[in-house]
Amino acid sequence: MRRFYAPPENFNQAQITLSLEETRHLRDVLRLGRGEKILVFDGAGKEFLGEIETIGKKETSLQIIEEVQPLAPESALDLTLAAALLKGEKFELVIQKAVELGVTRFIPIVTKRCEVKLKDADKKLDRWRKIVLEASKQCGRAKLMQVESAVNFELLIKNSASRSLSSEVFVLFSEKSGESFSSLKSNQKLTAVIGSEGGWEALEIESAKQHNFQIITLGGRILRAETAAIAVSALLQNHFGDLN
C-alpha cells in the first residue's frame with residue numbers, strides 16, 4: 001500500500017489533508033483515485049489508514065479509517081549521528097542509510113580536514129530533509145529523522161557539555177588512539193561522531209577527550225568516511241537498539 005506524508009497540523013479530527021507536492025505524486029504519478037486507500041504518517045511517529053475523498057489541484061482530502069502501527073518501529077536507542085561533510089552523493093547516501101538504520105537526529109559537521117565548507121552546507125539543508133522524507137516513506141518509519149544545520153566540530157563538542165547532564169554518552173570514532181568497541185557501556189541516549197575522509201587531527205581528538213568524549217577505534221580496519229558512518233550506526237543499533 002502506498003505511503004504518504006502529512007505534518008501533524010494537516011490532521012483534523014477524522015480527516016487528513018495532503019500537500020500540493022503529495023497531491024501531484026498521488027494524482028499524476030500514481031494515478032490514484034477517489035475511494036482508494038492509502039497510508040499516511042505524520043513524521044512524529046503516528047500512521048493512519050485513510051480513504052481518498054477528494055483530489056483537487058492543490059490538495060487531497062482523506063477520511064481517516066483507523067490508526068495503524070508503522071511498518072518500521074522506532075528503536076529504543078536515541079541515537080544522534082554527527083558526521084563530517086562529504087562531497088557529492090556520498091553524504092546523501094549517509095543520510096539515507098541513517099534513516100533506514102533508525103538514527104533519531106543527524107548533525108552535519110565541519111572538521112579541520114573537511115573539504116566541504118560550512119557556507120556550502122547551508123544550501124543543501126532542504127535537499128537533505130527531502131532525502132529523509134523519501135527514505136522514511138520507503139523504509140516504513142513514521143518518525144522523521146531530524147537534520148540540523150551544519151556546525152563546526154568545535155561548537156559541537158562545546159555544546160555537548162550541557163547535554164551530558166542528561167546522561168547522554170558522547171563517542172568519537174577514530175582510526176587510531178581509541179579504546180575497543182566492547183568498552184562502550186549500554187546507554188539509551190548516545191551521540192556518535194564520525195570524521196572526514198582525511199581523518200582527525202590530534203588536537204581534535206584531544207579536545208574531544210577534554211569534553212568527556214570516549215574515543216573508540218574499530219580494530220585495525222581503515223574505512224571510508226561514508227562506510228564508517230553507516231557501519232557505526234548499524235553496530236550501535238545492534239548492541240544498544242533493535243537491530244538484532
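For this chain, numbers begin at 1 and follow the sequence in order. All values below come from the heavy atoms of this structure, side chains included, with hydrogens, waters and symmetry mates left out.
For T104 (side chain) and T80 (main-chain N/O), no donor-acceptor pair under 3.5 Å exists by modelled atom type. A side-chain donor-acceptor contact under 3.5 Å links N238 to the backbone of L243. The backbone N or O of T17 sits less than 3.5 Å from a side-chain atom of N10, completing a donor-acceptor pair. Not one N or O on the side chain of H25 forms a donor-acceptor pair closer than 3.5 Å with the backbone of E21.
Taking D122 as the reference, nothing meets the side-chain contact (heavy atoms from CB on, under 4.5 Å) condition, with sequence neighbours excluded. Applying the side-chain contact (heavy atoms from CB on, under 4.5 Å) criterion to L133, with sequence neighbours excluded, gives Y5, F41, K137, L144. Residues meeting the side-chain contact (heavy atoms from CB on, under 4.5 Å) test with E154, sequence neighbours left out: K112, N152.
Counting only residues at least two apart or in different chains, side-chain hydrogen bond (donor to acceptor under 3.5 Å, both in side chains) contacts with residues 26-40 are absent. Applying the side-chain hydrogen bond (donor to acceptor under 3.5 Å, both in side chains) test to residues at least two apart or on different chains, the pairs with a partner in residues 62-74 are E74-R141. Here ring-ring contact (aromatic ring centres under 6.0 Å, His included) pairs that include residues 225-244, with residues two or more places apart or in two chains, are F181-H239.
Hydrophobic clustering (side-chain heavy atoms under 4.5 Å, transitive across Ile, Leu, Val, Met, Phe, Trp, Tyr) keeps I109 apart from V232. Under a hydrophobic-cluster definition in which Ile, Leu, Val, Met, Phe, Trp and Tyr are linked whenever side-chain heavy atoms come within less than 4.5 Å, directly or via other members, F173 and L85 are assigned to the same cluster.
Taking 4.5 Å as the limit, some side-chain heavy atom of V193 sits within range of a side-chain heavy atom of W200. Residues I38 and L30 fail the side-chain proximity criterion, which asks for heavy atoms closer than 4.5 Å. In this structure the side chain of T60 never reaches within 4.5 angstrom of the side chain of T54, judged on heavy atoms. Side chains of W128 and P108 form a contact here, defined as non-hydrogen atoms less than 4.5 Å apart.
Checked for salt-bridge contact, K97 and E226 miss the test: no charged N lies under 4.0 Å from a carboxylate O. Between E92 and K124 there is no salt bridge, since no side-chain N of the basic residue sits under 4.0 Å from a carboxylate O of the acidic one. Under 4.0 Å is where a charged nitrogen must lie from a carboxylate oxygen, and between E204 and R113 no such pair does.
Around CZ of R24, the count of heavy atoms belonging to other residues, nucleotides or ligands within 6.0 Å does not exceed 12. Atom CD of E9 sits in a crowded spot, with more than 12 heavy atoms from other residues, nucleotides or ligands closer than 6.0 Å. No more than 12 heavy atoms of other residues, nucleotides or ligands sit less than 6.0 Å from atom CD of Q138. Residue-environment remark: CD (Q15) exceeds the threshold of 12 foreign heavy atoms within 6.0 Å.
Residue A6 comes nearest to F11 through the heavy atom pair O-CE1, 3.2 Å, listed as atom of the first residue, atom of the second, then distance. Annotation for V147 and R129: closest pair O-NH2, 2.8 Å, computed over non-hydrogen atoms. Residues A84 and F91 share a closest heavy-atom pair of O-CE1, 3.3 Å. Closest of all the heavy-atom pairs between K46 and A142 is O-CB, 3.9 Å. Taking all atoms of both residues into account, the shortest heavy-atom contact from D242 to P73 is OD2-O, 3.9 Å. Considering every non-hydrogen atom in both I157 and A208, the closest pair reads CD1-N, 4.3 Å.
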